[in-house]
Each structure stands twice: as structure tokens, then as C-alpha cells.
Number of protein chains: 2
Amino acid sequence: MSTIPTPAAELPTPSFSPLYQQIKSLILQSLHAGEWKPGEPIPSEIDLAARFRVSQGTVRKAIDELAAENLVVRRQGKGTFVATHAEQHVQYRFLKLVPDTGDVDTEGPAERQIVDCRRQRATADVARLLALRTGDAVLQVRRVLSYRGTPTILEDLWLPGAPFKGLTAERLAEWHGPMYAMFETEFGVRMVRAEEKIRAVLPDESQAALLGVTTATPLLSVERVAHTYHDTPMELRRGLYRTDTHHYRNELG
Amino acid sequence: MSTIPTPAAELPTPSFSPLYQQIKSLILQSLHAGEWKPGEPIPSEIDLAARFRVSQGTVRKAIDELAAENLVVRRQGKGTFVATHAEQHVQYRFLKLVPDTGDVDTEGPAERQIVDCRRQRATADVARLLALRTGDAVLQVRRVLSYRGTPTILEDLWLPGAPFKGLTAERLAEWHGPMYAMFETEFGVRMVRAEEKIRAVLPDESQAALLGVTTATPLLSVERVAHTYHDTPMELRRGLYRTDTHHYRNELG
DNA sequence: AAGTGGTCTAGACCACAAC
DNA sequence: TTGTGGTCTAGACCACTTG
């Protein structure tokens, strides 16, 4: 109801911090610092308990939360592993567009075509969403994804220049597999969370041409901001999805 | 990659069921049976532990999962309560359309207008989605939701006839508050999960007229199937959302 | 057989809310 | 003061994976 919400009212100062939360923060720091790389195992619960001088149960609860946030993956008998976008069964975790018939696996991966890739200066709105300053260097990419030969997704991406220094159209074209997996492997940037704003729009001439539709074809506009650790925004993506053969699927809990 | 996925490969027969899962099932049964009503407290962990002859920790883990699935709500010092759609801070949990500026609270609740409400026989597609048989009795409702005087959402609802016997346009119009809260209070049906399929579409003449837009205005088509306990589908909802002043907001973990 | 995560227990103590 | 959920511990045992 308040027009100017006071954070203090929502977060009454956590005068208290449970041990397991502190342990979780410490593990998070190590993840962020790259002490263990995506796909690698982190130390066993017993080892971590010894390192932090707490009981195994406390470490356990910390890891439980990290697993719930998809930052690590537990595997009984083997260990706990740093989550990665490269794994087969969680690939394209952030892509919610699925074919109307059959499933993602039968359709297979999309054919990708880089339309454009250039270094630019951030406009005001892009800078705001990426927590940069207007005029800061950004890398802009435009590409088309096709399924079974049909152009289905037109995406514009903006990446902050500094963390992605050295990324070029060539390297993008060479890479096979999820783009987020490349970000991990090549640039040490792991996306952990994203939020999307979805609208229905009509494409302009150039967008329609790239997707092979008319300007009277309604499309899904999906604006995504993806974050790495500590909620740092690291990618802005504006997609146009054709929804005649696919749909955006969402689960509500 | 397999064209005919074998469930057995994914679920290798849970030859084993942890105690806390069994306890969870028992609590779930009581929730479903209405032993404790929405908004009411369930017995304390100690009481439940005594009832089921297990330790408090085991009950705790069972309740933890129920809380993670939004079936119950824990409140320190007070108890654990059956979740409800009637609570202020989780109202309209399943409605992801939010205003572009300001927030849901400043905008306030929508003005509602029932356009139509009739008993019918289920068509094949409606029957399939509601796990009924073609021709079974269903209640169909059409309504318009307006924000600040602007028609924004046009919704068609289908409800299975049997569980919602006695529901009429009058009772719908009289009710103030979330529709799902009415389902709980008046019909003992609690929606716990839903899935949505989203597309971009153009409205037909009658839809456009009800929303006050032209037939060239792209709209979000949102088809939702809401489920009660045990994944029983209990509502089909097809919505058309205007996205010129609002957008569909989604979080990706 | 050894090491990992997963379950279950019992008990102590803390934070919060209500009386 | 009492009762609730929340934290932390220590130990035993189970299930799964690897060698």
C-alpha cells in the first residue's frame, strides 16, 4: 500500500543469522570465486564440516538450500557437484518454449544462425537493465533459431563488454551446445537466475523478414534478464517467439 | 533421444520409501480429506510425531516438503497452517500479469464483470483437459477483468459440474475476493498447482469487442489447467491478456 | 571394503508469539 | 510461563557408487 516501500519494514534487520546460513554464504563465496568449477564435485559433507568446524547436519542444511536453488546437484553415493548448463538433462533450463506436439528431445536442438554481432555503447535502457552506465561497452548479438527448418525464435542479446572480452561472432558460430554453457567454460560466468517479461506484439518489417512471417503475425515478446551470483545482471535478451507450432510452458506452484 | 521413452528408465521403481515420505503422504491424506481446513493450524510437530510414532525430526522433514510445495505455511511460535488462497499476501498467486509501472498493491484489485455463466456438456478438448468424458456436465463462465476502468483480461473458465454443483452467476457476482478462495470456502476445492500454455494471438470480433480493442491487437493467450490434490485437474481457464499496460512476469530458477 | 549422500533418532537449546 | 517452530549436535544405520 505504501507508495514508497521501506525496505526496513519488509526486512526487519536479521538481528540473527543461523549457522547454516553463514556456512551457505561461505560455500557460495567459494562457488563464486571458482574454487570448484561447474561440473566438478565440491568437498564431501564431512570434509566441509571439518573445515568450518560445525556438524555434518549443519553443512547438510546449507547444501540443501544450495541444491534447492539449483546451484549444486547432489548425487547419492558420488558426491555434490557444481551445477552447470552443460549437462544433458538440464540443458536450456531457461528456455520455456516447447513444441506443441512431441517433446523437446524428439525435436532435437535448434539450428542457429548469427545475424549480427557487434560491440556498441549501451543505450540508457540497456544500461539500466544490466546495471551499467549509459555509454558503457556492450556486445550485441542478433540470431535466429530454427526448428526443423522453420525460423522460430529471433533473439537480440546484450552482454556487458568487460566480462565477455574476446567474444566474437566466430566463437559464437563455432560453439556447439547451450550458449550458457559457453559462458561458463569460456568466460567463467555462470547464470543462476533469470526473470522474464512477456508480451504479445507484432513484428516490424525486419523482424518479420527474419522469421519468415508477415507483420500481422502476433508474436511472443520475451525480455529476459539473467543474473549470475549475488544477483548481478549479466545478460539482457529480447526474444520474439513464433507460437503457431510452439508455446511457452509455465508451471505454477 | 529415444522416441518411445520408457518410464522405467526414468523411475527405476522406488523399491524403497523413506519414513518421512510415508508421513508426508499421511498428512496429505488428512489435508485432502479436510481434517484441517484452509487457514486452520494442523497439529504441532510433537503431536504428529506422537500420532505416527516417529521422531519430531521425521515429521519435520515431511512438513518441510509440504511447505516447499505451498500446501502448508509455517509460522514460528504459532504453528503450521493449511495454506489458503484467501490470505492477503498470497492472493492471486496464479495470476502472473502485473502492471508495467507501480506494483500490484498500488493498482488494487480488478473490477470484475460476469459476461456469461451456463451449464453445458464438455466438448472433447475440454473433457480431455479436465479428465472428464465428452458430454459430461461442465460449468462455463466468461468474465472480464478491468484495471482502473480498462478491460484487460477476458477469461473463459470451465469447471467440472459435479464438484461445483450449486455455483451460479449470482454467487460468483456476490463473492468478493479471489475466485480460488471461494472454491475453498464454498466447495472445498483447493487448487495447489497449475500449468499454463502461452501464445500470442489475435482476438476474434466478439473477444475484441469485450476488451475494447481492434482485431489487429496482439494479445497473450494463456491456457491454464489448475489441479487440486493428487494432481486432479479441476479447472480449465483460457485467458486473453492485454499487454499494452501490463506484462506477464516469470521467474526462472 | 570404503566413501558418499540419505534417513532416523534423541536431546539440548534458541527465537517467537500468546497468555 | 508455556507452547510453537527453528537450530544444532552426535551418533547410528541405510542406500548407492566405485574400486
Side-chain angles (χ1 to χ4, degrees), chain A residues 8-27 30-31 36 39-83 87 89, chain B residues 8-27 31 36 39-83 87-89:
Chain A
E10 305 295 334
L11 306 165
T13 309
S15 56
F16 183 45
S17 180
L19 236 193
Y20 77 88
Q21 285 286 2
Q22 303 175 36
I23 304 301
K24 182 183 168 188
S25 285
L26 291 171
I27 297 175
S30 293
L31 285 170
W36 318 297
E40 291 180 3
I42 70 174
S44 75
E45 296 177 353
I46 291 174
D47 287 353
L48 288 171
R51 181 206 288 205
F52 298 127
R53 311 294 197 82
V54 299
S55 77
Q56 183 182 356
T58 301
V59 168
R60 190 164 185 73
K61 181 142 187 176
I63 294 180
D64 277 346
E65 291 207 350
L66 293 172
E69 294 166 21
N70 295 309
L71 296 176
V72 300
V73 176
R74 321 192 75 144
R75 288 192 210 137
Q76 183 171 118
K78 299 174 80 171
T80 301
F81 300 76
V82 182
E87 281 173 56
H89 276 275
Chain B
E10 305 294 335
L11 304 165
T13 310
S15 57
F16 183 47
S17 180
L19 237 194
Y20 77 88
Q21 285 288 3
Q22 303 176 36
I23 304 301
K24 182 184 169 188
S25 284
L26 291 171
I27 298 175
L31 284 170
W36 318 296
E40 291 179 3
I42 71 174
S44 75
E45 295 178 353
I46 291 174
D47 288 353
L48 289 171
R51 182 206 287 205
F52 298 128
R53 309 294 197 82
V54 298
S55 78
Q56 184 182 356
T58 300
V59 169
R60 190 163 187 73
K61 181 142 188 175
I63 295 180
D64 277 346
E65 292 207 351
L66 294 171
E69 295 167 22
N70 294 309
L71 295 176
V72 299
V73 175
R74 319 191 74 141
R75 288 191 209 136
Q76 181 171 114
K78 300 173 81 170
T80 300
F81 299 77
V82 183
E87 281 173 54
Q88 205 63 29
H89 277 273

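- For D:dG5, the OP1/OP2 oxygens have a side-chain nitrogen or oxygen of B:Thr80 closer than 4.0 Å.
- In the set D:dG6, C:dT9, D:dT4, the nucleotide with an atom closest to the side chain of B:Ser55 is C:dT9.
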Next on the checklist: What verdict does the side chain to side chain contact (heavy atoms under 4.5 Å, CB included) test give for B:Val72 and B:Leu31, after you've listed the backbone C-alpha separation in whole Å, the side-chain angles of each residue and the deciding distance to 0.1 Å?
Outcome noted: CA-CA 9 Å; B:Val72 299; B:Leu31 284 170; 4.2 Å; yes
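- Here the CG atom belonging to A:Leu66 is positioned 9.0 Å from the CZ atom belonging to A:Arg74, to the nearest 0.5 angstrom.
- Phosphate proximity of D:dT17 to A:Arg75: absent, as no side-chain N or O sits under 4.0 Å from OP1 or OP2.
- The listed nucleotides are C:dC8, C:dG5, D:dC8; the one nearest the side chain of A:Ser44 is C:dG5.
- Atom-to-atom, CD of B:Glu45 to P of C:dC8 comes out at 15 Å; the value is rounded to the nearest Å.
- Residue A:Lys78 places at least one side-chain N or O under 4.0 Å from the OP1 or OP2 atom of D:dT18.
- In terms of modelled atom types and a separation under 3.5 Å, the side chain of B:Glu45 and the main chain of B:Val59 share no donor-acceptor contact.
- Residues A:Ser17 and A:Gln22 come closest through the heavy atom pair O-NE2, 2.9 Å.
- In this structure, the nucleotide among D:dC8, C:dA15, D:dC16 sitting nearest to the side chain of A:Gln76 is D:dC16.
- Of all heavy-atom pairs between B:Ile42 and B:Trp36, the closest is CG2-CE3, 3.6 Å.
- Atom-to-atom, CD of A:Gln21 to P of C:dA15 comes out at 15 Å; the value is rounded to the nearest Å.
- Look at CZ on B:Arg74: it is 18 Å from P on C:dA15, rounded to the nearest Å.
- When rounded to the nearest whole Å, the span between CD1 of A:Ile46 and P of D:dA10 equals 13 Å.
- Contact record, B:Ala62 with B:Lys24: CB-N, 3.8 Å, taken as the closest heavy-atom pair.
- Near DNA chain D, meaning a heavy atom under 4.0 Å away, the residues from residues 56-69 of chain B are B:Arg60.
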Next on the checklist: Using side chain to side chain contact (heavy atoms under 4.5 Å, CB included), reason through B:Ile27 and B:Leu71 one step at a time and then give a plain yes or no.
Outcome noted: CA-CA 11 Å; B:Ile27 298 175; B:Leu71 295 176; over 6 Å; no
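- Nearest nucleotide to the A:Tyr20 side chain, out of D:dT7, D:dG5, D:dT9: D:dT7.
- Atom pair B:Phe81:CZ and C:dA17:P shows a separation of 12 Å (rounding to whole Å applied).
- Looking at the side chain of A:Pro18, the nearest of the listed nucleotides D:dC8, C:dC8, C:dG5 is D:dC8.
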